[in-house]
Amino acid sequence: MTAHRPGRPSAAPDGRVARGDRTRTAALDAAVVLATEVGLHGLSLAQLADALGVSKSGLFAHWGSKEALQLATVDRAVEQQRERVVEPALRAPRGVRRLWALHQARIDFFAARVLPGGCFFASADFEYNARPGPVRDRLAEVFGRWTAFLEQLVREAVAAGELPADVDVAQLAYEIDALGITAAMRSRLLDPDTAYRHARQGLLNRLRALSPDPTLLPEGIS
């Protein structure tokens with residue numbers, strides 16, 4: 001009998017897993033796009049299969065129900081927001097420049113028209129306001145984390161001495177979020193350039209008025 005000699009493990013299983021992950025991510029990217037067109041509640045496995053030109057059974061292997069697909073779509077939208085908005089902003093220095101970078105990255109994401117509906121979360125949150133269940137709960141959790149993140153960045157700016165110690169943290173975070181949501185909505189119904197310019201200028205004016213050192217920020221929007 002020939003002795004078994006261990007060798008290098010086959011790369012095939014890992015390769016299949018990687019391909020499966022890429023396929024799943026691509027499908028969820030398409031689901032996020034579709035959800036901003038037809039609504040997250042209207043998103044279904046059959047609809048996504050039609051959009052991708054694949055069989056429904058193939059998608060069913062990844063998500064066993066419409067609700068599972070919707071929850072996974074929410075999670076993928078969170079990943080997109082982290083990749084396209086949060087991570088670029090975190091490369092800016094802590095303080096008002098990071099707050100400004102976050103707002104800029106968010107508006108840039110909307111302006112790139114990756115999502116036909118503008119903002120996945122604005123659309124989904126309005127849609128699920130009166131729809132109790134796991135999807136609404138997930139959206140509420142995500143919204144809570146986003147709000148907490150905005151407030152954290154405001155507190156960091158206060159700690160850095162770039163915002164006054166008595167600034168209303170929750171109020172400023174609310175205003176930043178509101179400017180982004182309004183830009184997303186108006187840009188799809190009215191002139192997008194005007195909507196984005198007002199959203200950028202609105203926060204810039206607010207931060208420059210609050211900051212003891214407004215020279216940290218641009219003087220205006222070009």
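Please read these numbers as outputs of a predicted model, since none were measured by experiment.
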If you look at every heavy atom in [X] and [Y], which pair is closest and at what distance?
X: L210; Y: V167; result: CD1-CG2, 4.2 Å
X: G117; Y: S123; result: O-OG, 4.1 Å
X: Y196; Y: F110; result: OH-O, 3.3 Å
X: I107; Y: G180; result: CD1-CA, 4.3 Å
X: P212; Y: G161; result: CG-O, 3.7 Å

To the nearest 0.5 angstrom, please state how far the [atom1] atom of [X] sits from the [atom2] atom of [Y].
X: E151; Y: D168; atom1: CD; atom2: CG; result: 9.0 Å
X: L207; Y: E175; atom1: CG; atom2: CD; result: 9.5 Å
X: R136; Y: Q70; atom1: CZ; atom2: CD; result: 15.0 Å
X: L69; Y: L34; atom1: CG; atom2: CG; result: 9.0 Å
X: D75; Y: L28; atom1: CG; atom2: CG; result: 8.5 Å

Side-chain atoms of residues 40-49: list all donor-acceptor pairs with protein atoms under 3.5 Å, sequence neighbours left out, distances to 0.1 Å.
| unit_1 | atom_1 | unit_2 | atom_2 | d |
| --- | --- | --- | --- | --- |
| H41 | NE2 | R131 | NH1 | 3.3 |
| S44 | OG | Q47 | N | 3.1 |

Does [X] come within less than 4.0 Å of [Y], counting only side-chain N to carboxylate O?
X: R98; Y: E162; answer: no
X: D191; Y: R197; answer: no
X: E141; Y: R145; answer: yes
X: E79; Y: R76; answer: yes

Are [Y] and [X] co-members of a hydrophobic cluster defined by side-chain heavy atoms under 4.5 Å apart?
X: V114; Y: M185; answer: no
X: V142; Y: F126; answer: no
X: I181; Y: V32; answer: no
X: F149; Y: Y174; answer: no
X: L90; Y: L217; answer: yes

- Task: Carefully, step by step, assess W146 and V78 under the rule side-chain contact (heavy atoms from CB on, under 4.5 Å).
- Result: CA-CA 10 Å; W146 171 250; V78 171; over 6 Å; no

Tested for side chain to side chain contact (heavy atoms under 4.5 Å, CB included) against F109, the lone hit among E83, Q81, Q80 is Q80

Which of L99, V96, I176 passes side chain to side chain contact (heavy atoms under 4.5 Å, CB included) with L153? Answer is L99

Determine yes or no for a side-chain-to-main-chain donor-acceptor pair under 3.5 angstrom, with [X] supplying the side chain and [Y] the backbone.
X: R94; Y: E156; value: no
X: R188; Y: P116; value: yes
X: T36; Y: V33; value: yes
X: S187; Y: A184; value: yes
X: T147; Y: F143; value: yes

query = Do H103 and L204 have side-chain heavy atoms sitting under 4.5 Å apart?
reply = no

- Does the side chain of L150 reach to within under 4.5 Å of the side chain of L172, using non-hydrogen atoms? no

Q: Return yes if a side-chain donor-acceptor contact under 3.5 Å exists between T215 and D213, otherwise no.
A: yes

With no hydrogens and no angle check, just 3.5 Å: does a side-chain donor-acceptor pair link Q201 and N205?
yes

List the steps and the verdict of side-chain contact (heavy atoms from CB on, under 4.5 Å) for H198 and I221.
-> CA-CA 9 Å; H198 285 169; I221 302 300; over 6 Å; no

### Task
Start with the C-alpha gap between R84 and D108, add the side-chain angles, then the distance that decides, and say whether salt bridge (Lys or Arg N to Asp or Glu O under 4.0 Å) holds.
CA-CA 9 Å; R84 300 290 297 264; D108 287 346; over 6 Å; no

Go through the steps for W100 and R200 under the test side-chain contact (heavy atoms from CB on, under 4.5 Å), then give the verdict. CA-CA 9 Å; W100 176 240; R200 296 182 203 272; 4.0 Å; yes

What's the verdict on salt bridge (Lys or Arg N to Asp or Glu O under 4.0 Å) for R24 and D29, showing C-alpha distance, side-chain angles and the deciding distance?
CA-CA 9 Å; R24 185 177 187 277; D29 283 342; over 6 Å; no

Discussion item. Go through it in stages, so that I can follow the logic: the residues are L139 and V135, the test is side-chain contact (heavy atoms from CB on, under 4.5 Å), and I'd like the CA-CA distance, side-chain angles, deciding distance and then a yes or no.
Written reply: CA-CA 6 Å; L139 288 166; V135 177; 4.2 Å; yes

